[in-house]
Number of protein chains: 2
Amino acid sequence: MATIKEVAKYANVSVATVSRVINKKGYVQKETQTKVEEAIKALNYRPNNVARSLFKKQSKMIGYIVPDITNPFFPQLVRAVEDVTVAQGYTTFLCNSDDNLEKELMYLNKMAENYIDGVIIVSNHMNENHLANLQIPVVALDRVFHESIPSVTIDNYREAKRAVMHLVENGCEKIAHISGPENIINSQLRKKAYQDVMMALDRPMYISEGHYQMKTAQEATFRLLHEHKDIDAIFTGNDVMAVGALKACTKLGIKVPNELQIIGFDGIEWTETVSPEITTIAQPIYEMGKKAATMLLNRINGNEEGQDHIVFPTELKMRETTKH
Amino acid sequence: MATIKEVAKYANVSVATVSRVINKKGYVQKETQTKVEEAIKALNYRPNNVARSLFKKQSKMIGYIVPDITNPFFPQLVRAVEDVTVAQGYTTFLCNSDDNLEKELMYLNKMAENYIDGVIIVSNHMNENHLANLQIPVVALDRVFHESIPSVTIDNYREAKRAVMHLVENGCEKIAHISGPENIINSQLRKKAYQDVMMALDRPMYISEGHYQMKTAQEATFRLLHEHKDIDAIFTGNDVMAVGALKACTKLGIKVPNELQIIGFDGIEWTETVSPEITTIAQPIYEMGKKAATMLLNRINGNEEGQDHIVFPTELKMRETTKH
DNA sequence: CTGTTAGCGCTTTCAT
DNA sequence: ATGAAAGCGCTAACAG
């Protein structure tokens with residue numbers, strides 16, 4: 001790799017001049033510019049971003065921490081973020097936290113050590129204290145950390161209510177819920193929405209924990225249907241579990257949606273790969289990622305309009321596991 | 001962020017000494033070491049990796065280029081790579097190329113500019129010439145670029161033959177193939193395997209292009225079954241398309257596997273989310289990622305045992321879309 | 001318009 | 001065992 005010095009020597013100018021032409025900053029005569037450009041080409045020179053970062057204390061890189069890249073919810077988010085940041089000359093850095101606070105903190109440190117310009121975080125454990133020492137702009141995705149940290153979310157409670165109400169309006173009488181992990185706030189909100197609706201309508205509740213996973217949800221469904229054969233609808237805390245519930249029904253020979261209706265939550269692609277396709281509350285995943293990235297870039301560039309807490313609307317995708 | 005200088009001043013030693021203790025390199029008295037450690041703690045100091053990279057010309061970061069992170073094949077790979085590299089103190093850098101050579105090259109450049117220590121590439125377009133100027137160690141995943149570039153792959157041709165033979169052994173007579181894109185070598189190999197087996201057995205061929213996508217494969221299946229009602233088996237070029245084929249059958253009311261058998265290729269999770277679960281040729285995705293990462297790390301550390309071309313065996317996962 | 005120079009934060013000889 | 005100093009490649013005053 002050629003350095004700026006070598007280019008300067010080759011073009012018979014100073015390094016400052018070379019710097020000026022590569023950054024298109026400051027005056028430089030047409031003629032010398034051409035000379036420099038030729039030198040750059042001849043030497044196949046590319047500016048070294050490490051040296052640049054060291055000086056500028058910023059790297060043109062943005063980080064991205066997610067709990068589990070194998071969760072089909074995330075790739076789309078990642079994609080969205082990449083699409084907007086790359087367009088502005090940033091490179092993204094993806095990290096997997098295993099939903100583990102220590103790893104999240106470790107990565108945050110690594111990022112700080114590398115002058116990462118900003119970071120988007122999806123985390124179930126982080127709060128504002130963890131971010132306090134950090135100098136880096138952050139935006140929270142999928143969950144609110146604290147008033148002071150901008151976020152992009154949906155209203156889990158309200159939208160979950162909508163899911164349950166869809167079942168109610170479809171005439172379901174015995175509605176069950178497969179819930180997500182206890183320690184994940186969004187999963188709790190969705191559960192609470194179910195409980196509140198059932199309570200208000202004076203309906204019986206049937207809840208079983210499915211850990212946000214397909215297999216576990218399948219087992220939870222078996223248990224539920226074994227104990228209560230008259231259950232005629234299931235609201236699952238996410239789409240992955242809806243797939244599990246559907247599989248359970250298929251295995252038990254229960255006709256969906258005629259004998260039992262299912263509605264999921266999230267809007268991931270899995271809902272469209274299975275038959276029947278799963279009705280779900282779809283988050284505008286791509287849009288949310290885009291918005292988060294835009295807000296982050298705004299904060300990085302000092303525009304304070306990156307301070308908000310954006311709550312996106314969802315869309316009820318009526319598909320084949322519920323009647324219309 | 002505190003710097004090494006501040007730590008030195010605080011501890012009343014030189015920066016050299018501080019450097020020695022943070023790197024555990026060179027002699028330093030127990031006593032001074034303690035002093036320095038206390039200073040580090042007091043100032044909450046973390047070494048700046050950018051400065052370090054600039055000097056060492058390496059960053060402890062490794063890059064990862066994939067065509068499309070939303071393809072369910074990749075997250076697992078990413079995970080595997082992360083698992084081994086993080087354990088060795090590396091941070092990984094994920095990039096999405098959109099299966100587009102220009103973007104791949106752009107990222108490669110960015111990586112070089114950041115003193116990335118090595119890169120794992122999954123690409124359908126890259127060849128050794130693109131990598132020639134690059135000083136960075138590379139390992140190719142999923143495809144062989146060139147003899148000189150270490151790779152981790154499977155034998156697409158042989159394993160695809162195995163898939164087709166499974167159908168033949170199951171008594172299928174009219175076997176169709178939904179093929180992947182023309183310009184992807186692996187997809188061509190899988191198609192050729194199908195053709196060669198059919199040729200050898202003197203069977204008729206039914207081929208339709210499914211572009212590696214679910215929707216397209218579904219349509220391809222409709223076309224195929226419309227024209228040839230007696231098709232009793234389909235081998236698809238990947239699992240995503242197997243899901244599409246299965247959906248088509250479900251919609252047409254064709255019983256799988258009784259009236260028609262399906263076998264996919266890859267071993268992604270989707271094959272287990274649908275009902276019936278799809279029989280497939282499973283690549284040891286996680287293992288392949290791990291191996292690639294290990295080879296890369298070896299090359300980075302100058303161990304020449306990172307030079308090989310590893311071909312992994314696959315596993316025929318007999319599930320519910322074929323008879324046993 | 002162009003060149004000289006200090007310094008970003010760190011590591012590593014080379015002295016002592 | 002420790003410190004002084006050069007330098008990694010770049011940018012941005014500051015001179016001229």
Side-chain angles (χ1 to χ4, degrees), chain A residues 1-40 43-61 89 109-117 135, chain B residues 1-40 43-61 89 109-117 135:
Chain A
M1 265 305 209
T3 72
I4 197 171
K5 230 184 209 162
E6 304 178 70
V7 175
K9 190 191 285 183
Y10 188 102
N12 247 304
V13 296
S14 73
V15 293
T17 304
V18 178
S19 177
R20 284 187 193 102
V21 352
I22 60 186
N23 294 300
K24 301 183 205 320
K25 224 182 200 173
Y27 298 97
V28 43
Q29 215 148 23
K30 259 264 145 59
E31 213 174 305
T32 37
Q33 177 175 340
T34 322
K35 256 198 319 191
V36 171
E37 277 163 354
E38 276 165 3
I40 288 176
L43 268 42
N44 191 24
Y45 168 76
R46 310 228 70 209
N48 180 318
N49 194 50
V50 175
R52 197 176 254 176
S53 300
L54 181 60
F55 184 90
K56 311 244 277 183
K57 295 180 190 308
Q58 51 160 32
S59 61
K60 279 285 181 179
M61 304 196 286
N109 273 326
K110 286 245 185 263
M111 289 179 183
E113 289 165 24
N114 284 287
Y115 285 143
I116 294 286
D117 297 341
Q135 294 295 12
Chain B
M1 262 310 208
T3 72
I4 197 171
K5 230 185 210 162
E6 304 178 68
V7 174
K9 192 191 286 184
Y10 188 102
N12 247 304
V13 297
S14 74
V15 294
T17 304
V18 178
S19 177
R20 286 191 189 98
V21 353
I22 60 185
N23 293 302
K24 302 183 204 319
K25 223 181 201 174
Y27 298 96
V28 43
Q29 215 149 21
K30 258 261 145 60
E31 213 174 308
T32 37
Q33 177 174 341
T34 321
K35 259 199 316 191
V36 171
E37 276 162 355
E38 278 165 4
I40 289 177
L43 268 41
N44 190 23
Y45 169 76
R46 310 226 69 210
N48 180 320
N49 193 50
V50 175
R52 197 176 255 176
S53 300
L54 181 59
F55 184 90
K56 311 245 278 184
K57 294 180 191 310
Q58 51 161 32
S59 61
K60 278 285 182 181
M61 304 194 286
N109 272 326
K110 285 245 185 263
M111 290 178 181
E113 288 165 25
N114 283 288
Y115 284 145
I116 293 288
D117 296 342
Q135 294 295 10

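Throughout, protein chains are lettered first and strands after them, A, B, ... in sequence-line order, and every chain is numbered starting at 1.
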Is any side-chain nitrogen or oxygen of [X] closer than 4.0 Å to OP1 or OP2 of [N]?
| X | N | result |
| --- | --- | --- |
| B:N48 | C:dC8 | no |
| B:S19 | C:dT12 | no |
| B:T32 | D:dT2 | yes |
| A:K25 | D:dT11 | no |
| B:K30 | D:dA1 | no |
| A:Y115 | C:dC10 | no |
| A:N23 | D:dT11 | yes |

Figure out the [atom1]/[atom2] separation between [X] and [N], and round it to whole Å.
| X | N | atom1 | atom2 | answer |
| --- | --- | --- | --- | --- |
| A:I4 | D:dT11 | CD1 | C1' | 8 Å |
| A:L54 | D:dA12 | CG | C1' | 14 Å |
| B:K9 | D:dG3 | NZ | P | 15 Å |
| B:K5 | D:dA4 | NZ | P | 12 Å |
| B:Q58 | D:dG9 | CD | C1' | 17 Å |
| A:E113 | C:dC10 | CD | C1' | 13 Å |
| B:Y27 | C:dT13 | OH | C1' | 16 Å |
| B:I22 | C:dG9 | CD1 | P | 13 Å |

Which value, rounded to the nearest 0.5 Å, describes the distance between [X] atom [atom1] and [Y] atom [atom2]?
| X | Y | atom1 | atom2 | answer |
| --- | --- | --- | --- | --- |
| B:N49 | B:Q58 | CG | CD | 9.5 Å |
| A:Y115 | A:L54 | OH | CG | 6.0 Å |
| B:N114 | A:S53 | CG | OG | 6.0 Å |
| B:K57 | B:Q135 | NZ | CD | 11.5 Å |

- Provide the closest heavy-atom pair for A:M61 versus A:I116 in the form atom of the first, atom of the second, distance.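 Between these two residues, the closest heavy atoms are O-CG2, 3.5 Å.
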- What closest approach, in Å, do A:M1 and B:A112 show between heavy atoms, and which atom pair accounts for it?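 Looks like CE-CB, 4.1 Å.
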For nucleotides 4-6 of chain C, which of its nitrogen or oxygen atoms have a protein nitrogen or oxygen under 3.5 Å away, and what is each distance?
none

Scan the side chains in residues 20-30 of chain B for donor-acceptor partners under 3.5 Å anywhere in the protein, sequence neighbours excluded, and list what turns up.
unit_1	atom_1	unit_2	atom_2	d
B:N23	OD1	B:R52	NH2	3.4
B:N23	ND2	B:S19	O	2.9
B:N23	ND2	B:S19	OG	3.3

- Item | A:A51 or B:Q33, whichever maps to the more 5' nucleotide of DNA chain D |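 The 5'-side residue here is B:Q33.
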- Axis deviation across the helix from C:dC1-D:dG16 to C:dT16-D:dA1, five-pair ends, to the nearest 10°: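 Inter-axis angle at the termini of the helix from C:dC1-D:dG16 to C:dT16-D:dA1: 50°.
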- Identify whether any heavy atom of B:V13 sits under 4.0 Å from a base atom; if not, whether one sits that close to sugar-phosphate; answer base, sugar-phosphate or nothing.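 It contacts sugar-phosphate atoms only.
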- Message: Holding to side-chain hydrogen bond (donor to acceptor under 3.5 Å, both in side chains), I want the full list of residues that pass it with B:E37, two or more places apart in sequence or in another chain.
- Response: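 If we apply the side-chain hydrogen bond (donor to acceptor under 3.5 Å, both in side chains) test to B:E37, skipping adjacent residues, the hits are B:Q33.
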- Message: Going by the rule side-chain hydrogen bond (donor to acceptor under 3.5 Å, both in side chains), which residues pair with A:D117 if we only count those two or more places apart in sequence or in a different chain?
- Response: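 In terms of side-chain hydrogen bond (donor to acceptor under 3.5 Å, both in side chains), with neighbours along the sequence ignored, A:D117 is linked to no residue.
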Only distances under 3.5 Å count here; give the side-chain donor-acceptor pairs of residues 2-18 of chain B to other protein atoms, sequence neighbours excluded, each with its distance to 0.1 Å.
unit_1	atom_1	unit_2	atom_2	d
B:T3	OG1	B:K5	N	3.3
B:T3	OG1	B:E6	N	3.4
B:E6	OE2	B:T3	N	3.0
B:S14	OG	B:A16	N	3.3
B:S14	OG	B:T17	N	3.4
B:S14	OG	B:T17	OG1	3.3

